Amino acid sequence: MSENKTLYIVDGSSYIFRAFYAIRSLSTAAGFPTNAIYGFTQMLMRLLRDENPEYIAMTFDVSDVDVPNFRKVLYDDYKANRSAMPDELREQMPYFSKVVEALHIPIKTQVGVEADDVIATLTRQARAEGFEVCIVSADKDLMQLLADEVRMLDTMRDKTYTPEEVQERFNVTPDKVKYVLALAGDSSDNIPGVPGIGEVTGGRLIEEFGDLENLLANIDKVSGKKRKENLENFADQARLSLELVTLRDDCDVEFQPEDLVLSKPNFAELDALFTELEFGSPLRDVRKWMEAKGWLEPEPEKPKKAKKAKKKPSDQLDFFSSAAGANSAAAEQNDHTNSGKNYRAIRSVEAFEEVLAKLAEVDRFAFDLETTSLNPLDAQICGMSFAWQPNDAVYIPCAHSYEGVGEQLDLDYILEKLRPFLESEDAKKVVGQHLKYEWLVLQKYDIDLRAILYDTMLMSYLLDPSSNKHGMDAMAMQWLNYQTISYEDVAGKGKSQVTFDKVHLDAAVPYGAEDADITLMLCNLLEPMLIEAGLKEIHDTLEVPLTRVLAIMEAEGIQIDPEMLGVLSVEFDQELGELQDQIDELSGGPTNPNSPKQLREVLFERLGLPVKKRTKTGPSTAASVLEELSELHELPALILEYRSFSKLKGTYVDALPLLIREDTGRIHTSFNQAVAATGRLSSSNPNLQNIPMRTARGRQIRKAFVPAPGYQLLVADYSQIELRIVAHMSQDPLLLDAYKRGADIHRLTASQIFDVDFEEVTSAQRGAGKTINFGVLYGMGARRLAASLRISQGEATQYIDNYFERYAGVSAFFDKLVADATHSGYAETMFGRKRQIADMGTLGRREQAFAERVAINTPIQGSAADIIKFAMVNLQAKIEAEELPMRMLLQVHDELVFEVEDAFVDAAKTIVREAMEGVCELDVPLLVDLGCGDNWLDAK
DNA sequence: CTCGCCACGTAC
DNA sequence: GACGTACGTGGCGAGT
């Protein structure tokens, strides 16, 4: 970094478009789209906060009917293939300059030219005055402006472009980029270029000939007949393209440094504007930033809101929310009685009351919501369907909105009438598919879906947990040989897909009704199978109750500190830059350490290092290989280092802050209940079950997971739950005794396999004992053990033999698990969860070995999963029954994370310990380690 | 440009 | 022949 003053020039127009397309949907409660304004504002705030510019200018493309764009004059088809601006964006246009003006960022524009030309002009002028320039954009056309004192920053990707990087991409220095662009053309701006020449070829030609005219004068020296021809035929087109891509740095804008100083924004104006746009978090960001700059008095701490605002059911229930021109004769027009099915719309109070009467009468009914979003936290209900006998179902539209939709019942009215059926714990009748989704949506409408009788997704999962086809469509095909109407058929696909509220009832009714109909039929079919397999109890007492617990946890979310991660991101970025330089140096050329393909070329061909392992596509560059190779050369260690930073940055540090929700200020994972074959949960979007823990650097990420103000994080993990389960299930005397005495199990194992006294075990031996204890759970072989302990395979074999000799009960137990699985065809947990295993004994060596490991691992891993799931259900019940000031937030296989009110932490520890340790009675104690703190790392 | 597969790396 | 269960990312080739 230099001492010079830096002028930041923002390419506003390009950010408007990128923001619009990057953020799929965002609008105010009233439905006014705000996605582009939001993205644009976030970009600006990030720039102001991270770069802290003193001098700044914003540019926009402006048009004026009286002053034609000079490029358009040169070339009538310039940007002719651009589609018209979408209406949702057009509506947002007036707001960008409002945001910029309120922030007091000077705007520089000129009609007749483009923002890029203004940027070029300002850049030239600023450099003349001794300024450095940072162009905030990602437009490749602007790369021609880069120089030692001019860089380009893409804030959306957090990437800085230097002249060196431009050279790498185009093979020429920035000042010659325009020639390459002129040859290559640009389809998005409709710049023709020369056919058959792209960036790569163009770059090579300009590298050789220096500029366009010299190239055209020496066409005879160009290789390739067709290429020569094209250059000759399209020479003028190339010259025209050059004029179009060359930026004009002689625009009529005045550069007065004092005009471009960023001054104190008008907070009142920003407050009003962001409030209008419903931008809670940007407003907080502005406030924080202005406080940090000393431009604003810190706001007095506000007490946290008691509970998120629940939608209050309206006192006055309107029967009809929309009376848009439909008469009552048309009200029930969307019946679909073809192909023996009776699918119909419910659009009148009378018809709805008949449905209610039916729901009261039957002992089960299928229920399904149609909404505007796959993400339940964003979803708004459009309608719902019910079915209580096969081939007979109703769809109740309540928020479809398109021209001429006709009468619909009012959502609040229906929900109030349905509340007893959905919430009743005494008369559970609701059958559904993946009802966690419905719970999460209904929760926003203040309905607590507790009346679940069956969830077909969970039934299917319990019947065959290895399958990954628990979706309704796949199940309908598998069990009913029935092809369901696809979502794309009714809502369209790709760009033209619409939300369900825009779907015409002629399509929505059969689609929605079918969902309920099929769900009910599937339930009726799967129920006897579930009972027959002995899985009904685990469905009723474990999985179904757990669904609601998971939903509560997902809705709650967890707070993260984006600023802390921002700091890490910058640090990691610097490390990555330095490592990249060293790697390029040692590789003898630019090398992407994230590209296995490039690494193969460098390591095994250029440097001739030995191949240790192969993947399907060639020599492996996995970490274990690079570790071995690091003895022979310095490069592999640098690559490992690079990869570890890159992984942490890409997967966690940069990704997590983007997932903070505007409305809750927190991140919300999904806990998947029908994915893992052993019965474990999984977590996705984001996966919060693989947040780094192993390395010191990775652990820093955990510090960014924080409790709400006034709360602490409480972490409870089961101590060695899987090994304790082995002890219990195997009844191995040595293990049972050790756990009953509370002995150090890794030390014990070390003393057994190394045949030394318990007291004499060294810490290295204990470490080996730990590795073996864990390895045994997965069926680790000698080769793997040898690799991880860095010993010979012979020694590893000896240790494993010793293990099973000393823990003879474990050995016999494993043999029995394999025998049982061979006999029954499945592996089973302590609580009767089953996982099918392919016909053992008829398999090839490889498959047989795998099946045996599955037969051993599944009962262990699966029983642990069952245990913690039971504990979660019990704990949540207690939290609610006693209204404890604590919330369950996360589950990480053997660990639960809670948010607990400060004053209640000690009491909570006791409650959690008792619930988790007492969840079931084993022949060894089940112990829980507890910790608390102001972040996830300190709490562990 | 978008999609899907591969290799890789993170967790328990 | 390789240690069980997951999920996400970047690279890259094949489709557009």
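Below, all heavy atoms of this structure are taken into account, side chains as well, without hydrogens, waters or symmetry copies. Lettering of chains follows the sequences in order, A, B, ..., and the numbering in each one begins at 1. Here the structure is a predicted model, which is why all the values come from computation and not from measurement.
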Counting the atoms with a prime plus P, OP1 and OP2 as sugar-phosphate, which does [X] contact under 4.0 Å by heavy atoms, base, sugar-phosphate, or nothing?
X: Ala787(A); result: nothing
X: Arg845(A); result: base
X: Phe850(A); result: sugar-phosphate

Take atom [atom1] in [N] and the same atom in [M], then report the distance between them in whole Å.
N: dT16(C); M: dC12(C); atom1: C1'; answer: 16 Å
N: dG1(C); M: dA7(B); atom1: P; answer: 14 Å
N: dT10(B); M: dA2(C); atom1: P; answer: 23 Å

Quiz item: Hey, which of these two, Ala655(A) or Arg614(A), hits DNA chain C nearer its 5' end, going by closest nucleotide?
Solution: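 Closer to the 5' end of DNA chain C: Arg614(A).
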From [atom1] of [X] over to [atom2] of [N], roughly how many Å is that when rounded to an integer?
X: Arg846(A); N: dA2(C); atom1: CZ; atom2: C1'; result: 9 Å
X: Tyr642(A); N: dG11(C); atom1: OH; atom2: C1'; result: 12 Å
X: Phe645(A); N: dG10(C); atom1: CZ; atom2: C1'; result: 18 Å
X: Asn672(A); N: dG8(C); atom1: CG; atom2: C1'; result: 13 Å
X: Met780(A); N: dC3(C); atom1: CE; atom2: P; result: 8 Å
X: Ile701(A); N: dG8(C); atom1: CD1; atom2: C1'; result: 13 Å
X: Ile837(A); N: dG4(C); atom1: CD1; atom2: C1'; result: 12 Å
X: Asn592(A); N: dG11(C); atom1: CG; atom2: C1'; result: 8 Å

Quiz prompt | Side-chain N,O (Lys597(A)) to OP1/OP2 (dG13(C)) below 4.0 Å | solution =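 Yes, because at least one side-chain N or O of Lys597(A) sits under 4.0 Å from OP1 or OP2 of dG13(C).
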Self-check item: Contact under 4.0 Å: Ser683(A) side-chain N or O vs dA6(C) OP1/OP2
Solution: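 No, Ser683(A) has no side-chain N/O under 4.0 Å of OP1/OP2 on dA6(C).
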Quiz item: Hey, does the side chain of Tyr461(A) reach the backbone of Ala676(A) with a donor-acceptor pair shorter than 3.5 angstrom?
Solution: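 Checking the backbone N and O of Ala676(A) against the side chain of Tyr461(A), a donor-acceptor pair under 3.5 Å is found.
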Practice problem: Output yes when a side-chain donor or acceptor of Arg680(A) lies under 3.5 Å from a complementary backbone atom of Ala865(A), and no otherwise. | Solution: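 Between the backbone of Ala865(A) and the side chain of Arg680(A) there is no qualifying donor-acceptor contact (under 3.5 Å).
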Quiz item: What string of B, S and - do you get for nucleotides 6-12 of chain B 5' to 3' if you count protein non-hydrogen atoms under 4.0 Å?
Solution: SSSBBSB
[X] and [Y] ion-paired at < 4.0 Å:
X: Lys649(A); Y: Glu571(A); result: no
X: Glu795(A); Y: Arg790(A); result: no
X: Glu554(A); Y: Lys436(A); result: yes
X: Lys940(A); Y: Asp717(A); result: yes
X: Glu828(A); Y: Lys816(A); result: no

Quiz item: Would Tyr807(A) and Ser730(A) count as having a side-chain donor-acceptor pair, cut-off 3.5 Å?
Solution: no
Quiz item: Do Asp139(A) and Ser14(A) have side-chain N/O donor and acceptor atoms under 3.5 Å apart?
Solution: no
Self-check item: Given dA2(C), dC12(C), dT5(C), the nucleotide with the shortest approach to the side chain of Arg853(A)
Solution: dA2(C)
Quiz item: Which nucleotide sits closest to the side chain of Asn685(A): dA6(C), dG8(C), dG4(C)?
Solution: dG8(C)
Exercise. List the steps and the verdict of side-chain hydrogen bond (donor to acceptor under 3.5 Å, both in side chains) for Arg697(A) and Ser644(A).
Key: CA-CA 9 Å; Arg697(A) 267 204 304 275; Ser644(A) 88; 2.8 Å; yes
Quiz item: Can you give the dot-bracket line for DNA chain C, using ( ) for pairs inside the strand, [ ] for pairs that cross earlier ones, | for pairs with another strand and . for unpaired bases, where Watson-Crick and G-U count if both distances are under 3.5 Å?
Solution: ...||||||||||||.
